[in-house]
**Q** 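I have a structure here, written as structure tokens, and I will follow up with some questions on it.
Here the structure is a predicted model, which means the values were calculated and not measured.
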Amino acid sequence: MTTGTIPTFEQIDELHRKVAPSDAAYDLIHTHCVIVAQITRALAHRQNALYMRRCTLPADAVERTGDYTMLAGENGNDVLPRTGHAFAVPATDGVTGGMIPPRYLDVALAVTGALLHDIGTYRVLKDDGADGRRPLSFDGPHYVQHGLIGYELLLNEGIDESIAQFARNHTGVGLTREAVEAQGLPLPPDDYVPMNLEQEVVMVADKYHSKSVPPRFLTAASYARKAARFGEKNREEWLELVRKYGEPDIPAMAKEHGMAVK
């Protein structure tokens, strides 16, 4: 049941500008959200293309079995090589691989959520870069709070719960109560994990782009190495997400936006 506002793209941009403490912050964070929305749209379109083929794919199709011979981070390679692999379904919006989802994804919902998922990061800046002398930077120890901050900010702005949850539930590969307590994170003990496929696809898309200064894209393999810093289980969870959603064409996107790839 919808009790709040489902914002338009124009309203989303207005909210970013309202919350941003500086032009530099808006440029970095809003651009990141736009790119994550682009990746989200591509991944969701791939999922829907696979769903539409669910009745016609052969039983042994890799998009049905998930039996890919190579995954991100294994032997230092990216997931799903674009040549020499027998895909039953051609690439969709540059995304290869992936597995048939249990249902059709709401692309509009996912894209809207992606455009607002990092709205809370404006509130965890160490320096907003406004004076031009110091680069924009984030408050590292409190950065993990940005999801919950964004969730509360969106609710206070009258945004519907279904959209606000995208801010709350996108950190890492799913932040559980167990992880919050074990790591002593500055968050109320709770599960901050996706509640539906649309939230999950935004969480995945978010991992392919970094708000570093300057911003840059990450491949599936480079994020696997980053995930491994938080334990092997974390890396394995990422690999399963790549198996599930496939791999976007990150080099092409980076070239489109004039950014580097890590």
Side-chain angles (χ1 to χ4, degrees), residues 1-2 6 9 35-75 77-115 117 160-163 165-166 169-170 173-174 191 193-209 218-221 223-224 227 235-253 256:
M1 178 179 177
T2 301
I6 304 297
F9 291 165
I35 289 173
V36 170
Q38 178 185 359
I39 300 171
T40 292
R41 184 182 289 107
L43 292 175
H45 282 169
R46 177 62 174 179
Q47 288 287 283
N48 289 344
L50 294 176
Y51 185 76
M52 294 298 289
R53 291 285 303 275
R54 67 193 184 282
C55 296
T56 59
L57 286 176
D60 61 351
V62 290
E63 294 91 342
R64 188 183 295 281
T65 66
D67 187 21
Y68 293 108
T69 58
M70 188 185 305
L71 282 177
E74 295 181 349
N75 301 320
N77 294 309
D78 279 352
V79 68
L80 315 180
R82 298 179 184 279
T83 58
H85 203 96
F87 294 116
V89 181
T92 308
D93 290 2
V95 180
T96 50
M99 296 180 65
I100 300 170
R103 63 169 174 81
Y104 205 75
L105 273 67
D106 186 335
V107 179
L109 174 64
V111 168
T112 300
L115 289 169
H117 80 282
D160 192 69
E161 172 80 18
S162 65
I163 303 300
Q165 284 185 0
F166 283 89
N169 300 331
H170 75 273
V173 292
D191 289 320
V193 298
M195 303 296 289
N196 52 45
L197 294 176
E198 287 77 14
Q199 291 178 28
E200 186 173 73
V201 76
V202 171
M203 180 186 74
V204 172
D206 182 48
K207 305 294 124 26
Y208 287 106
H209 188 261
L218 289 82
T219 64
Y223 188 80
R235 187 183 79 94
E236 290 176 356
E237 289 176 354
W238 169 246
L239 296 181
E240 286 306 308
L241 289 168
V242 176
R243 187 193 303 274
K244 180 176 181 178
Y245 286 101
E247 185 184 14
D249 190 348
I250 293 302
M253 289 186 181
E256 175 187 345

**Q** Would you say Glu63's side chain and Ala88's backbone share a donor-acceptor pair under 3.5 angstrom?
**A** yes
**Q** Taking the side chain as every heavy atom from C-beta outward, state whether Thr112 and Phe166 have any pair of such atoms under 4.5 Å apart.
**A**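 No; the side chains remain at least 4.5 Å from each other.
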**Q** Are the side chains of Glu256 and Gln38 in contact, using a 4.5 Å heavy-atom criterion?
**A**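 They are in contact (side-chain heavy atoms under 4.5 Å apart), so the answer is yes.
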**Q** Measure across Met99 and Gly66 and return the closest heavy-atom pair with its distance rounded to 0.1 Å.
**A**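 Between these two residues, the closest heavy atoms are SD-CA, 3.6 Å.
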**Q** Quick one, Leu105 with Tyr51, criterion side-chain contact (heavy atoms from CB on, under 4.5 Å). Give me CA distance, side-chain angles, the key distance, then yes/no.
**A** CA-CA 9 Å; Leu105 273 67; Tyr51 185 76; over 6 Å; no
**Q** Could I get the full list of side chain to side chain donor-acceptor pair (under 3.5 Å) partners for Glu237, not counting sequence neighbours?
**A**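 Partners of Glu237 by the side chain to side chain donor-acceptor pair (under 3.5 Å) criterion come out as none, since no residue qualifies.
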**Q** Between Gly174 and Met203, which heavy-atom pair has the shortest distance, and what is it?
**A**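 Scanning both residues, the minimum pair turns out to be N-SD, 3.4 Å.
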**Q** Check each of Val242, Thr40, Leu241, Ile39 against Val204 using the side chain to side chain contact (heavy atoms under 4.5 Å, CB included) test, and report the only one that passes.
**A** Leu241
**Q** If you define the side chain from C-beta out and look only at heavy atoms, does anything of Leu197 sit under 4.5 Å from Tyr245?
**A**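 A side-chain contact under 4.5 Å exists here.
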**Q** Rounded to the nearest 0.5 Å, what's the gap from CG on Leu50 to CD on Gln47? Could you check?
**A**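 Answer for the CG-CD pair, Leu50 versus Gln47, is 6.0 Å.
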**Q** Of all residues at least two apart in sequence or in a different chain, which pass the side chain to side chain donor-acceptor pair (under 3.5 Å) check with Glu198?
**A**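 With neighbours one apart ignored, the set is Arg103.
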**Q** Are the side chains of Leu109 and Ile163 in touch, meaning some heavy atoms are under 4.5 Å apart?
**A**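 Yes, at least one pair of side-chain atoms sits under 4.5 Å.
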**Q** Suppose we screen for side chain to side chain donor-acceptor pair (under 3.5 Å). Which residues come up paired with Arg54, at least two apart in sequence or across chains?
**A** none
**Q** Do Tyr223 and Val173 have side-chain heavy atoms sitting under 4.5 Å apart?
**A** yes
**Q** Determine whether Asn169 and Met195 make a side-chain contact, defined as any pair of heavy atoms from C-beta on separated by less than 4.5 Å.
**A** yes
**Q** Of all heavy-atom pairs between Leu115 and Ala37, which one has the smallest distance, and what is that distance?
**A**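 Closest approach of Leu115 to Ala37: CD2-CB, 3.7 Å.
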**Q** List the residues meeting side chain to side chain donor-acceptor pair (under 3.5 Å) with Lys244, not counting sequence neighbours, and say none if there are none.
**A**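 Side chain to side chain donor-acceptor pair (under 3.5 Å) list for Lys244, sorted by chain: Glu200.
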**Q** Mind jotting down which residue pairs meet the salt bridge (charged side-chain N to carboxylate O under 4.0 Å, His left out) criterion with at least one end in residues 104-114? Sequence neighbours excluded, please.
**A** none
**Q** I need the Arg53 CZ to Thr92 OG1 distance, nearest 0.5 Å.
**A** 9.5 Å
**Q** Can you tell me how far apart CG (Leu43) and CG (Asn48) are? Round to the nearest 0.5 Å.
**A** 11.0 Å
**Q** Take Ser162 and Ile6 through the side-chain contact (heavy atoms from CB on, under 4.5 Å) test and state the conclusion after the steps.
**A** CA-CA 9 Å; Ser162 65; Ile6 304 297; 3.8 Å; yes
**Q** With no hydrogens and no angle check, is any side-chain donor or acceptor of Arg41 less than 3.5 Å from a backbone partner on Val107?
**A** no
**Q** So how far is it from Arg243 CZ to Asp67 CG, rounded to the nearest 0.5 Å?
**A** 7.5 Å
**Q** Of all the heavy-atom pairs spanning Ala42 and Met253, show the shortest one and how long it is.
**A** CB-CE, 4.3 Å
**Q** With sequence neighbours excluded, give me every salt bridge (charged side-chain N to carboxylate O under 4.0 Å, His left out) pair touching residues 88-98.
**A**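 Listed once each, the pairs would be none.
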**Q** Could you measure the distance from the CD1 atom of Ile35 to the CG atom of Asp206? Nearest 0.5 Å is fine.
**A**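 Here the rounded value is 11.5 Å.
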**Q** For Leu57, does its backbone N or O pair with a side-chain atom of Arg64 as donor and acceptor, under 3.5 Å?
**A**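 Yes, Arg64 side chain to Leu57 backbone: donor-acceptor pair under 3.5 Å.
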**Q** Can you find a heavy atom in the side chain of Tyr208 that is under 4.5 Å from one in the side chain of Val36?
**A** no
**Q** Please check: side-chain N/O of Gln165 versus main-chain N/O of Gln199, any donor-acceptor pairing under 3.5 Å?
**A** no
**Q** Work out which heavy atom in Val95 is nearest to a heavy atom in Pro248; give both atom names and the distance.
**A**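 Answer, listing the atom of Val95 first, then Pro248: CG2-CA, 3.9 Å.
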